[in-house]
Amino acid sequence: MMARKLEPLLSPADGFLPRLRKILSRWPLHVILIVTALLWMTPSIGLLISSFRPATDIASSGWWTAFQTPFEFTLDNYSDVLSQNRMGQSFLNSLIITIPGTVVPIMVAAFAAYAFAWMRFPGRNALFIFVVALLVVPVQMTLIPVLRLLTDLNMAGTFPAIWLAHTGYGLPFAIFLLRNFFGALPKELMESARLDGASNMRIFFRLVLPLSVPAIASLAIFQFLWVWNDLLVAMIYLQNPELAPMTLTINNLVSSFGTEWQLLTAAAFISMALPLVVFFALQRYFVEGILAGSVKG
Amino acid sequence: MPAFLFVTVFLIYPVIDTLRISFFNRNSTEFIGLDNYEYVFTNSTAQSALLNNVLWLVLFTVLAVGLGLLFAVLSGRVRYEAMAKAAVFIPMAISFVAAAVIWRFMYAYAPEGFTQIGLINAAGTGVGLEPIAWLVEHPLPYTDVTLPGPLHTNNFALVAVGVWMWTGFAMVILSAGLKGISTDILEAARVDGAGEWQIFRRIILPVLSPTIAVVATTLVIQALKKFDMVWVMTAGNFETDVVATLMFKQMFNFSDFGRAAALAVVLLAAILPIMLISIRRFRAQEET
Amino acid sequence: MAGVRFKNVTKRYGKVLAVNGFSLDIADKEFLVLVGPSGSGKSTALRLLAGLEEINEGNIYIGDRLINNVPAKDRGIAMVFQSYALYPHMTVFQNMAFGLSLRKTPKDEIKTRVEKAADILDITELLKRKPRQLSGGQRQRVALGRAIVRKPDVFLLDEPLSNLDAKLRVQTRAGLSKLHQRLGTTFVYVTHDQVEAMTMATRIAVMDQGIIQQVGKPQELYNRPDNAFVAGFIGSPAMNFFEASVTNGPQGMKLDMDTFSVPVPKDRLSALNPFLKKKITFGMRPEHIHNREFLPPGCEADGDCITASPVKAKVEVTELMGNEIFLHLVAGDKSFLARVDPRTSAKPGQDIEVVFNMDNMHAFDPETGQAIHTQKEKGQGEGKEKVEKSIDLPS
Ligand SMILES: Nc1ncnc2c1ncn2[C@@H]1O[C@H](COP(=O)(O)OP(=O)(O)O)[C@@H](O)[C@H]1O
Ligand SMILES: [Mg+2]
């Protein structure tokens, strides 16, 4: 107690010492953060380094020894993977699958979430609970009945089939998240817009969507990742190798080559590249606050 | 509403179909009553899978939410916020297949005396410990103690991978919630005399609780549905099966659709009350 | 109980100098109002005092204690935020008790203190509610209550009235003054509204662009603004400014505004002498421009009112305020505002004659904006005291 009272008397307001002390007083924060961040990155770094090592080295020594002499780095793994004739095509396929597989469910979910949050209709809450309860349905459980259905409709093994599938699987979570976010928007905003004569459509597009950009961005990146990295749904619904996305092609690559880890490491990084780009592009929305610009005296 | 069309086709119809199948024999030709359910609750493999799921549910959810929250709070207070978050987020961007490869590098095991190419065992043997087959063994690491039920080393190793992948999710959503808390409230608490810890416990945590509930609910569901992770790492061997992998095996390896369906129904039944509780919580919160 | 001292405090946000060389002594039990236009650095100064921002240069003391590096919670202050910043998940009671419970105050003492504060603020029946179930005015009182129960040495308030409607604002203004007397604590109050400043403050500090322009009692700022900024900021409606040349004519020194001119009163001659044949900024408050037919008491008998030649002006707009009328006038190319007797029957478009009460003239150096002061004797001019009583009326 005494020390605390005396301390400020002894130090000038501005200067080297207090500043140093401030940095030091925060060192546990920095240490925890940096150590955890490094810990979290270690496996990925290992993968990255391995992807540049020759096959024989990967299998015989740990990746962290790669920096010992003699240096042996190679781009062979990448050129091997990329030269697989289907890799370029499957990158494209992944895009073709992922973009509608992200956009469509979010659009549909946004409408539904708006209805659940701001429109009155009978059975609204029961219906919402029901939709959210569907979150729990394991995808594996639906595969066979849906596949049968799609086959009957002659849609099995087509892009629209997989778009629809991802939309169906993505919807409950998207509705769940967006409804909670929409519901938290200030009621007065909707009311004043309604008094101004705005229709539901207008309120939705001009007010709710712009205000929900952070939530939608978070949702978009997750849906994007899930679809991009999905193997199971693609495996079941898209047997045609011409249409296979990267995950499927890589998986086949691995199984047909046996345990050639070196190819997998390179392939993993190639398939990670786009999601990371998307993450950094949307990063702004995660780092900036939803209310960052709110009024302050 | 197109939303309902989608969920009907892809979710509701399968649920009903599954429910029906679960009362039939392996190829759905004969009604056998509750036999499939008897299997789920008495067969030792099925029991172990159920218990493993419980372990996932608790450990995975608590760790991922806890670490995600820690990260969201801490990284918001430094200038390299974006970098720190990216580090934790990267695993989310990795496909399960790739993640499995990464972690095989981490957990790789070679008998004592051979070169360890797995980082953890290399570090362990480096300080004189014996190497451990992380994905196989049951006793606690470096001891002879074997805990009962799901508390096996290989299960912990798998959960660790799950946590590694999903903490980024918890962090991103929680951090969005954190940013939504008005700085005025936090400053008011500071002026009121709250230290950093008290601000966290008495202001941030309660205000953030709806978001935490969203994240926890999502993770609980993930834990219960956990499939890919286990499938690619151990394929459920060495008693690491969870309900979803067992279901997959029943379906595609043993072609017993009845049992698979019964497992699915049990899973669904387990999750429903959790959902109901969390939804009730929301409604209660919105009404005050 | 403590005074506050700012010594040369500076705060930068990147390149923006939010608070610049800020020095201010606030006595114990004073109600000091920090007033200035939006963005002038008032909030920043208050937040520096609260410990919510770091000082770049200078020192702040509360009592005798240097508090630059004391965390906010140990400064013995309580703050009311413009947004009220009530904790949304706590009831009114919990909101008010929060600060005390953090200090491990015994439960029953918390209870008595909260109940007493609730009683003072008339929010006893709201104690069990949550903030979202309260109206704006009620929230504001809860925010006040949260500060009161802490029994702080210094009370900080940042625009606490700006989210209230006009009527409630007037009521609360009076309430705050009473509260200040009752608590006998130092208040530091930030507002952009000079009416609030004039009506509540024991002393006012006017800020602009991070710099204190003038500190003084409300009357001092009104009567003797140090510069054109303070002159224009304090008083409502705002002072009229004219560009004028100081000339010497047959009747003595005059302020010449091309289309009309006014004589300089005797006691200002020496001060204005250095500006002879130069330009000055001439300031006249609207309440010191009278309709010639209805001169206020004290103006007819002697003084410069009567010697001043009436100015012919055309009425553009009239605003009836009840007990007075605002006339928007034009004389030549100069337009100005006069606050005149309500009996005036002038209509827009009419020409009338107005008289400038030169006793109350203000003069400023056009380059620096500094007031050109005479070595004035104290308590000058009885008439002014009366005018002050009415300055808080409309805003
Ligand atoms: N956190 C901040 N970051 C950057 N600039 C700020 C910040 N807070 C205030 N400022 C700037 O400092 C100046 C003074 O702001 P403030 O003290 O809030 O003004 P006032 O309360 O008088 O309206 C303004 O120019 C404002 O833009
Ligand atoms: Mg302000």
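So you know, we letter chains A, B, ... as the sequences are listed, proteins then strands, and number each from 1.
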Peer 1: Is any side-chain heavy atom of B/V191 closer than 4.5 Å to one of C/R75?
Peer 2: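 No, side chains not in contact.
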
Peer 1: Hey, is CZ on C/R203 packed in by over 12 heavy atoms from elsewhere, all under 6.0 Å?
Peer 2: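 Check passes, neighbour count above 12.
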
Peer 1: Got more than 12 heavy atoms from elsewhere within 6.0 Å of CZ, B/R201?
Peer 2: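 No, the 6.0 Å shell around CZ holds no more than 12 heavy atoms from other groups.
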
Peer 1: Closest approach of B/D192 and C/R146, non-hydrogen atoms and distance?
Peer 2: OD2-CD, 3.7 Å

Peer 1: Examine distances only and state if a side-chain atom of C/H89 and a backbone atom of B/R202 form a donor-acceptor pair shorter than 3.5 Å.
Peer 2: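 Side chain of C/H89 to backbone of B/R202, a donor-acceptor pair under 3.5 Å: yes, one is there.
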
Peer 1: Under a 4.5 Å heavy-atom cut-off, does chain B meet the side chain of C/L156, its backbone, both or neither?
Peer 2: neither

Peer 1: Quick check: does any side chain N or O of B/R190 sit under 3.5 Å from a backbone N or O of C/A50, one acting as donor and the other as acceptor?
Peer 2: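 Between the backbone of C/A50 and the side chain of B/R190 there is no qualifying donor-acceptor contact (under 3.5 Å).
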
Peer 1: Just verifying a value: how many Å separate B/I185 CD1 and C/Y84 OH, rounded to the nearest 0.5 Å?
Peer 2: 14.5 Å

Peer 1: Rounded at 0.5 Å granularity, tell me how far CE in C/M79 sits from CD in B/E187.
Peer 2: 7.0 Å

Peer 1: Taking every heavy-atom pair that is under 4.5 Å apart, which of B/G193, B/A194, B/G195 has the most such pairs with chain C?
Peer 2: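 Ranked by heavy-atom pairs under 4.5 Å with chain C, first place is B/G193.
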
